[in-house]
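Report on the structure given below.
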Amino acid sequence: QVQLVESGGGLVQAGGSLRLSCAASGRLTFSMYPMAWFLQAPGNEREFVAGINWSGGSTYYADSVKGRFTISRDNAKNTVALQMNSLIPEDTAVYYCAAGRNSVSYVPTAPRDYGHWGQGTQVTVSS
């Protein structure tokens, strides 16, 4: 089975930074699939935050995080990271790492396009 494990969440004051990491195991072709981060706040649908294609050459961000968050991947280490800067209380949510269902060169943004999910890590931004 493919396993994704997130880490790096926590409590931070507005204006601060966090770096989320996702470690993958169980898939030899990890480098051929898009990876993404989603968030889910209580009572809401899971929403796309940022994604990166297989090569790392293409990234896509939700409008709400453009200029503040950066997604990256290290295929040799089977990891993907989300650097979160200038955090605001509205960023508070559980963040999930996801691996795409298909080997594509673009960045899907819908949850249905991702077949493997981590357990989530809580990010809380206080004012």
Side-chain angles (χ1 to χ4, degrees):
Q1 293 183 324
V2 173
Q3 298 180 32
L4 303 176
V5 180
E6 302 98 333
S7 62
L11 175 64
V12 65
Q13 293 181 326
S17 298
L18 286 173
R19 184 176 177 86
L20 307 184
S21 295
C22 174
S25 63
R27 179 187 284 176
L28 297 178
T29 57
F30 168 85
S31 64
M32 299 301 296
Y33 294 84
M35 300 291 293
W37 290 92
F38 289 77
L39 66 80
Q40 188 166 22
N44 293 324
E45 299 288 330
R46 194 164 296 187
E47 299 179 356
F48 177 84
V49 177
I52 187 167
N53 75 339
W54 70 269
S55 70
S58 295
T59 58
Y60 190 77
Y61 298 91
D63 288 342
S64 60
V65 306
K66 287 181 179 178
R68 299 190 297 120
F69 292 6
T70 302
I71 188 171
S72 61
R73 68 189 298 164
D74 187 336
N75 290 336
K77 297 180 179 179
N78 286 347
T79 59
V80 60
L82 185 69
Q83 180 65 47
M84 310 166 69
N85 298 327
S86 301
L87 286 161
I88 58 177
E90 289 76 13
D91 295 322
T92 296
V94 177
Y95 285 72
Y96 296 89
C97 175
R101 293 184 180 274
N102 301 302
S103 181
V104 295
S105 60
Y106 59 92
V107 180
T109 59
R112 65 177 178 271
D113 293 321
Y114 292 85
H116 302 281
W117 299 82
Q119 82 287 351
T121 185
Q122 176 70 47
V123 172
T124 302
V125 184
S126 65
S127 59

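Quick note: numbers below take in every heavy atom, side chains included, and nothing from hydrogens, waters or symmetry partners.
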Handout entry: Any donor-acceptor pair under 3.5 Å from Thr92 side chain to Val125 backbone
Key = yes
Handout entry: hydrophobic_cluster_shared for Leu4 and Phe48, side chain cutoff 4.5 Å
Key = no
Handout entry: Residues that, via side-chain heavy atoms closer than 4.5 angstrom, fall in one hydrophobic cluster with Ile88
Key = none
Problem - side-chain contact (heavy atoms from CB on, under 4.5 Å) partners of Phe69, counting only residues at least two apart - result: Val49, Val65, Leu82, Met84, Leu87, Asp91, Tyr95
Handout entry: Separation between OG of Ser127 and CD of Glu90, rounded to the nearest 0.5 Å
Key = 9.0 Å
Handout entry: Test side-chain contact (heavy atoms from CB on, under 4.5 Å) applied to Ser126 - qualifying residues, sequence neighbours left out
Key = Leu11, Gln13
Fill in the blank from the handout: disulfide bond (SG atoms under 2.5 Å apart) pairs touching residues 89-127, sequence neighbours excluded, are Cys22-Cys97
Practice task
Could you list the residues that satisfy side-chain contact (heavy atoms from CB on, under 4.5 Å) with Val94, not counting sequence neighbours?
Solution key: Tyr96, Gln122
Handout entry: 4.5 Å side-chain heavy-atom contact, Tyr61 and Ile71
Key = yes
Problem - Partners meeting side-chain hydrogen bond (donor to acceptor under 3.5 Å, both in side chains) with Ser17 (sequence neighbours left out) - result: Asn85
Problem - For Val5, all residues meeting side-chain contact (heavy atoms from CB on, under 4.5 Å), sequence neighbours excluded - result: Gln119
Handout entry: Pairs where residues 41-86 contributes a residue and the test disulfide bond (SG atoms under 2.5 Å apart) is met, not counting sequence neighbours
Key = none
Handout entry: Asn75 side chain to Trp54 backbone, donor-acceptor under 3.5 Å
Key = yes
Fill in the blank from the handout: Applied to residues 55-92, the disulfide bond (SG atoms under 2.5 Å apart) test, sequence neighbours excluded, yields none
Problem - Side chain proximity check, Pro34 to Pro108, heavy atoms < 4.5 angstrom - result: yes
Handout entry: Under the salt bridge (Lys or Arg N to Asp or Glu O under 4.0 Å) test, residues paired with Arg19 that sit two or more places apart
Key = none
Practice task
Determine, stepwise, if the pair Val107 / Thr59 fulfils side chain to side chain contact (heavy atoms under 4.5 Å, CB included).
Solution key: CA-CA 7 Å; Val107 180; Thr59 58; over 6 Å; no
Problem - CD-CG distance between Gln83 and Leu18, expressed to the nearest 0.5 angstrom - result: 8.5 Å
Practice task
For Gly100 and Tyr33, work out which heavy atoms get closest and say how close.
Solution key: O-CD2, 3.4 Å
Problem - Distance, nearest 0.5 Å, that separates CG of Asn78 from CZ of Arg73 - result: 9.0 Å
Handout entry: Residue list, side-chain hydrogen bond (donor to acceptor under 3.5 Å, both in side chains) with Asn102, at least two apart or on another chain
Key = none
Tell me which donor-acceptor pairs under 3.5 Å the side chains of residues 37-46 have, and how far apart each pair is, sequence neighbours excluded?
| unit_1 | atom_1 | unit_2 | atom_2 | d |
| --- | --- | --- | --- | --- |
| Gln40 | OE1 | Arg46 | NE | 3.2 |
| Gln40 | OE1 | Arg46 | NH2 | 3.1 |
| Gln40 | NE2 | Asn44 | O | 3.1 |

Exercise for the section: Measure the spacing between CG of Asp113 and OH of Tyr106 and express it to the nearest 0.5 Å. Expected result: 6.0 Å
